[in-house]
Amino acid sequence: MNITFPDGAVRQYEQGSTALDIAKKISEGLARKILAAEVNGEVWDLSRPIKNDSSIKFLTWDDEKAKSTFWHSSAHLMAEAVEDAFPGVKFWVGPPIEKGFYYDIDLGDNVISESDLEKLEKKMNELSKQNNSFVRKEISKADAVKYFEEKGDEYKLDLLQGLEDGSITFYTQGNFTDLCRGPHIPSTGLIKGIKLTSIAGAYWKGDEKNKMLTRIYGVTFPNQKELDEYLVFLEEAKKRDHRKLGKELELFTFSEKVGAGLPLWLPKGAMLRERLQNFLQKAQIESGYLPVITPHIGSKSLYVTSGHYEKYGKDSFQPIKTPVEGEEFFLKPMNCPHHCEIYKASPRSYKDLPLRLAEFGTVYRYEQSGELHGLTRVRGFTQDDAHLFCMPNQVKDEFKKVIDLVLYVFNSLGFTDYTAQISLRDQNDKSKYIGSDTNWEIAEKSIIEASEEKGLKTVIEFGEAAFYGPKLDFMVRDAIGRKWQLGTIQVDYNLPERFDLTYIGEDNAKHRPVMIHRAPFGSMERFIAVLTEHCAGKFPMWLVPVQVKILPISDKFLSYAQNVLSKLKNNDIRAEIDDRSEKIGKKIRDTELSKVPLMLIIGEKEVNDKKVSVRRQGKGDEGVKDVQEVIAMIQDEVKHKKIAETTA
RNA sequence: GCCAGUGUAGCUCAGUUGGCCAGAGCAGCUGAUUUGUAAUCAGCUGGUCGGGGGUUCGAAUCCCUCCACUGGCUCCA
């Protein structure tokens, strides 16, 4: 039979050769390195015989598809260890995920806790040493059903129900056999760096009405070194955790008494947030946005009109009532209904469009208690919200302008790696969306074209659009490679309809405007959390709470230090003096830990020369400079929004 | 909301199987020291051991319940 390789080369092999046979004929080294093969575009076990002319591509650890296969096999290995430790348990599914794998298991009456993970890891290592092959076996549906009936595993039986006879396969390694479509790596011995990371409950089939299964998460690598590197990465992520840094840098706090998910911004955090807000506000005003301010509550009828009452009323904070009339008000869960009323406050002409209403609006949403997390998931937060009311043919241009704004924001803050996810309608079922077909087509086309013209890296997802319109979300990758969803731009056909928004067109007739929601940051809280983790708490000069710490070597130089301080302050530089009677080493250490970017050290020499000794956080001594020079340097960094060099 | 876990001083953490007035380091305060590029020394203050209830002669330790937090699940206008 003919085998075609990725470079186009075609070679002859005996019919029934396996991918491994073929690899071995090329080189033993290759055969050792590969984990799976892509045969005619489908990932196959290396040991599966190839019967016809095919194209083949060998997959190594560097391929995402090989990683998935590796982790899928690792899930089976873990299942074997679990079955060994808890005989009689039942398995649901064990897929690979972005970084590792999990398996959902019904442990029966057994309870497992984090301390058991180490034992399971140990068992997995043992099973890996046995180097058992993953053996694929095609099996009839009747036999498969019989096997799991005997085992009493209703979960696998449920899976089997949805499968066609003739397409069913089992995989066995060692003492563990599982219903599985595969593919798998050749044997368990390849799995060397093993770490079970956490335990969680997960509803069967993700439905909270179903029984909760135990989910065990893990990650594995082909060698110990890569596992060690991954563990270092986890440590680094822990160091950057915004909850930890937020406390250390005195940015924000929480109080049980105030309530869960309700952040309290401390002076340093509040000022940082304000600088960020002013930065965006300024850019928005330059881009033609008009600031508006709306109250924190709105009457029930507002949300009945918007449709949110019907959809989310029960899941929201319950209404507050006026004491006499009993009129109901809701805490506002979003700003758009208020903004729609502003739109309606006067008759609009096509000449007024696009109308861009912007507000840093604080909203309140009842998030389930288990869902709260630091600043990234809270019950009260401030959106950098704006609503653009425009004509359908203006959508594309507005998108382009918003993309410009978002990229300006990202670039100013050192986020250089981002992609745009475009969410469109489900092509097969257009009935679940509101708005006319023509408008959807215009909008979807506008978004795609706008992204293209702006040169965005994009991913298109069908069926991910909201019922009220398509959207574009920005995903950024932070300094240590993690993905976050930040800014969003969404088209909305629903609210203009519900609020009966209109404008008078050139033809002197009423028309319906399109509404676009957009938020470059997403929310101030979430954005600051991501920014903090991105820069590891070392904020750029223009944002950092304290820019300069003046460190006199002894009390004798305090008056000169005061003098320097007032010069800095006169130039709007945020500076403080460490006037404790500590040794200079201690003052430097404390300042380094507090991540203040610049230290000015003042001793006898500096006083005599009328200069300051400059030390940069994380870098060290930068020599003696004139105070004016330092001021100019800081002003330059602020003006150009220079990014601090993040040292790990 | 659900599963698993955690909750001891402002912070980080010790507190054997329930048993002497609950400990340490850092921070804070007071004093001494007047210091040259990542921790000067001494003393002192500070905790109804997350809240409430129970078991017990006796509870930080065991049980119940509520709250908060952590990791997930579900949800996300």
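To find a chain, count down the sequence lines: A is the first, B the second, and so on, and within it residues start at 1. Keep in mind it's a predicted model, so treat the numbers as computed, not measured.
- Residue contacts for Arg616(A): at a heavy-atom cut-off of 4.0 Å it reaches no nucleic acid atom on any strand shown.
- Neither OP1 nor OP2 of G72(B) sits under 4.0 Å from any side-chain N or O of Tyr203(A).
- Pairing of C62(B), defined by two Watson-Crick or G-U wobble distances under 3.5 Å, is identified with G54(B).
- Nucleotides C11(B) and C69(B) are separated by 16 Å at their C1' atoms, to the nearest Å.
- With both pairing distances under 3.5 Å, U48(B) is matched to nothing as a Watson-Crick or G-U wobble pair.
- Phosphate contact (OP1/OP2 of U35(B), side-chain N/O of Arg580(A), threshold under 4.0 Å): absent.
- For G36(B), the base has a donor-acceptor partner in the side chain of Glu606(A) [N/O atoms by modelled type, under 3.5 angstrom].
- Residue Lys586(A) has a polar side-chain atom (N or O) positioned under 4.0 Å from OP1 or OP2 of A27(B).
- G43(B) is paired with C29(B) under the Watson-Crick or G-U wobble criterion, all donor-acceptor distances under 3.5 Å.
- Rounded to the nearest Å, the gap between the C1' atom of G36(B) and that of A42(B) is 25 Å.
- Summarising the base pairing, U35(B) is matched to no nucleotide, lacking a Watson-Crick or G-U wobble pair whose two defining distances lie under 3.5 Å.
- Residue contacts shown for Ala200(A) include a base, since a base heavy atom lies under 4.0 Å away.
- The shortest distance between the side-chain N/O atoms of Lys587(A) and the OP1/OP2 oxygens of G36(B) is not below 4.0 Å.
- Leu372(A) comes within 4.0 angstrom of the backbone, heavy atoms only, and of no base.
- Distance check on atom C1': C29(B) versus U17(B) gives 41 Å, rounded to whole Å.
- Look at Lys205(A) and you won't find any side-chain N or O under 4.0 angstrom from OP1 or OP2 of C73(B).
- Judged by Watson-Crick or G-U wobble contacts below 3.5 Å, the nucleotide U70(B) has A4(B) as its partner.
- Among the nucleotides G71(B), C75(B), C2(B), the one closest to any side-chain atom of Arg377(A) is C75(B).
- Side-chain atoms of Tyr560(A) come within 3.5 Å of backbone atoms of Lys611(A) as a donor-acceptor pair (strictly under, hydrogens ignored).
- Ile584(A) comes within contact range of the sugar-phosphate backbone alone, with a heavy-atom separation under 4.0 Å but no base atom that close.
- Between Gly603(A) and Ser316(A), the residue whose closest nucleotide on RNA chain B is further toward the 5' end is Gly603(A).
- Contact annotation for Phe254(A): no contact, since no heavy-atom pair falls under 4.0 Å across all strands.
- Between Tyr343(A) and Phe499(A), the distance from one ring center to the other does not fall under 6.0 angstrom.
- A distance of about 24 Å separates the C1' atoms of G25(B) and U70(B), rounded to the whole Å.
- The P atoms of A24(B) and G46(B) are separated by 13 Å, rounded to the nearest whole Å.
- For the ring-ring contact (aromatic ring centres under 6.0 Å, His included) with Tyr433(A), the lone residue among Tyr468(A), Tyr493(A), Phe467(A), Trp440(A) that qualifies is Trp440(A).
- Within 4.0 Å of Ser613(A), counting heavy atoms only, lies at least one base atom of the nucleic acid.
- Closest to the side chain of Lys583(A), out of C69(B), C75(B), U35(B), is U35(B).
- Checked by atom type and distance alone, the side chain of Arg615(A) never pairs as donor or acceptor with a backbone atom of Glu622(A) at under 3.5 Å.
- Among the nucleotides U40(B), U37(B), C75(B), the one closest to any side-chain atom of Glu582(A) is U40(B).
- Taking atom P on both G1(B) and C66(B), the two are 10 Å apart, rounded to the nearest angstrom.
- In this model, no side-chain donor or acceptor of Tyr366(A) finds a partner on the base of G1(B) within 3.5 Å.
- Among the protein residues, Glu248(A) comes within range of no part of the nucleic acid, since none of its heavy atoms lies under 4.0 Å from any strand.
- Distances shorter than 4.0 Å separate some side-chain N or O of His373(A) from OP1 or OP2 on G71(B).
- When the nucleotides A77(B), G72(B), G71(B) are ranked by their closest atom to the side chain of Tyr217(A), G72(B) comes out on top.
- Phosphate contact (OP1/OP2 of U33(B), side-chain N/O of Ser581(A), threshold under 4.0 Å): absent.
- Residue Arg615(A) is classed as a base contact, given a heavy-atom separation below 4.0 Å to a base.
- Comparing atom distances between the Arg215(A) side chain and each of C73(B), C75(B), U34(B) picks out C73(B) as nearest.
- Residue Glu622(A) is out of contact with every strand shown, counting any heavy-atom pair closer than 4.0 Å.
- Atoms NZ and NZ, on Lys244(A) and Lys238(A) in that order, are 10.0 Å from each other to the nearest 0.5 Å.
- If you check the side chains of His242(A) and Glu533(A), you find a donor sitting under 3.5 Å from an acceptor.
- As rounded to the nearest Å, C2(B) and U65(B) have P atoms that lie 12 Å from one another.
- Side-chain atoms of Glu592(A) and base atoms of A38(B) include a donor and an acceptor less than 3.5 Å apart.
- The nearest heavy atom of RNA chain B to Leu213(A) and to Lys605(A) marks one nucleotide each, and the one closer to the 5' end goes with Leu213(A).
- Using C1' as the reference atom, A14(B) and G58(B) are 23 Å apart when rounded to the nearest Å.
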